[in-house]
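All residue numbers refer to positions in the sequence shown, counting from 1.
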Amino acid sequence: WGVDLLISHNDVLTEVSMLDAPIDIGTVDKQPFVLKNPLTGIDPREYELPADFLERGRNPLVDECAGILVKDYGDVLPVFRMMAGPMLTAGHAWGVDNLCKWINTDPDKFEAAIRICTDLWIDTARNSIDTCGVHGTYTTDATASGDLIDRATFEEFLLPEYKRFTVS
């Protein structure tokens, strides 16, 4: 297509590391993974993002790497930051089992968890654009797939949050 792009790497755990999740960094033959869902047992309706979440976990390192790409290649190619989407981050934070249960038993909890993680997503993207100079973001949200939620759930809870992200 003639479109070149650099995407700053992210292993989809950076966002949950900003919520103090312990991470196993993995090895050459094992992907990184969350050792413990840090917000299990915390009602998302009563949770607020820490004021300093952008300085926590792996985010400063990922921003630094994105900034290097922008400095070295940003005048030639657009540089995007890869990010985990809200359902993927919420699944790492509260546990995917809890999210899937809340969809049916306590949709207010599910909605609150997704909203919190969308707030994190928006602020992280804005910060990377403003401080690192990335030209945009690329998001993966595999937990929001049809394997775990149906179309109606996606359209009711996630689509509005995706739209909120795109206009923020």
Please check this pair: side chain of [X] against backbone of [Y], looking for a donor-acceptor N/O pair closer than 3.5 Å.
X	Y	result
Thr40	Trp94	yes
Asn37	Ala93	no
His135	Phe80	no
Asn59	Leu54	yes

Quick check: do [X] and [Y] have side-chain heavy atoms less than 4.5 Å from each other?
X	Y	answer
Leu39	Pro44	no
Arg81	Cys132	no
Glu48	Phe53	no
Asp141	Tyr162	yes
Leu148	Leu99	no
Asp108	Phe110	no

Closest non-hydrogen atom pair, [X] against [Y]:
X	Y	value
Val34	Ile23	CG2-CD1, 4.2 Å
Glu161	Phe157	CG-O, 3.5 Å
Arg56	Asp52	NE-OD1, 2.8 Å
Ile114	Pro86	O-CB, 3.8 Å
Ala84	Thr139	C-CG2, 4.1 Å
Pro38	Ile42	O-CD1, 4.3 Å

Spacing of [atom1] belonging to [X] relative to [atom2] belonging to [Y], to within rounding of 0.5 Å:
X	Y	atom1	atom2	result
Asp130	Arg126	CG	CZ	8.5 Å
Asp106	Glu111	CG	CD	11.0 Å
Ile122	Thr166	CD1	OG1	9.0 Å
Lys71	Glu64	NZ	CD	11.0 Å
Thr140	Asp11	OG1	CG	11.5 Å
Phe33	Asp24	CZ	CG	4.0 Å

Single-linkage hydrophobic cluster, 4.5 Å side-chain cutoff, Leu13 and Leu35 together: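 No: no chain of side-chain contacts under 4.5 Å links Leu13 to Leu35.
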
Same apolar cluster (I L V M F W Y, side chains within < 4.5 Å links), Ile149/Ile116: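 Yes, it is one cluster - the side chains of Ile149 and Ile116 are joined through contacts under 4.5 Å.
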
side-chain contact (heavy atoms from CB on, under 4.5 Å) evaluation trace for Leu19 with Leu120: CA-CA 10 Å; Leu19 303 175; Leu120 182 143; 3.8 Å; yes

Candidate pair Leu77 and Leu5, rule side-chain contact (heavy atoms from CB on, under 4.5 Å), full reasoning: CA-CA 6 Å; Leu77 296 169; Leu5 169 73; over 6 Å; no

Test log, rule side-chain contact (heavy atoms from CB on, under 4.5 Å), inputs Arg58 and Ile25: CA-CA 11 Å; Arg58 298 157 51 102; Ile25 200 64; 2.6 Å; yes

Test log, rule side-chain contact (heavy atoms from CB on, under 4.5 Å), inputs Thr14 and Thr124: CA-CA 10 Å; Thr14 297; Thr124 303; over 6 Å; no

Modelled atom types, side-chain donor and acceptor of Thr153 and Asp150, under 3.5 Å: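 On atom types as modelled, these side chains qualify, holding a pair under 3.5 Å.
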
Pair Thr89-Glu15, side-chain donor/acceptor within less than 3.5 Å: no

Note: Asp119-Arg164 ion pair, threshold 4.0 Å (strictly below): yes

Salt bridge Glu155-Arg151, side-chain N to carboxylate O under 4.0 Å: yes

Within 6.0 angstrom of Tyr73 OH, more than 12 heavy atoms from elsewhere: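 Count not over threshold, so no.
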
Residue of the set Ser128, Ser8, Pro78 for which side-chain contact (heavy atoms from CB on, under 4.5 Å) holds with Val134: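 Going through the options one by one, the only one that passes is Ser128.
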
Parallel, tilted or perpendicular: ring planes of Trp121 versus Phe165, cut at 30 and 60 degrees: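 Correct class here is parallel.
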
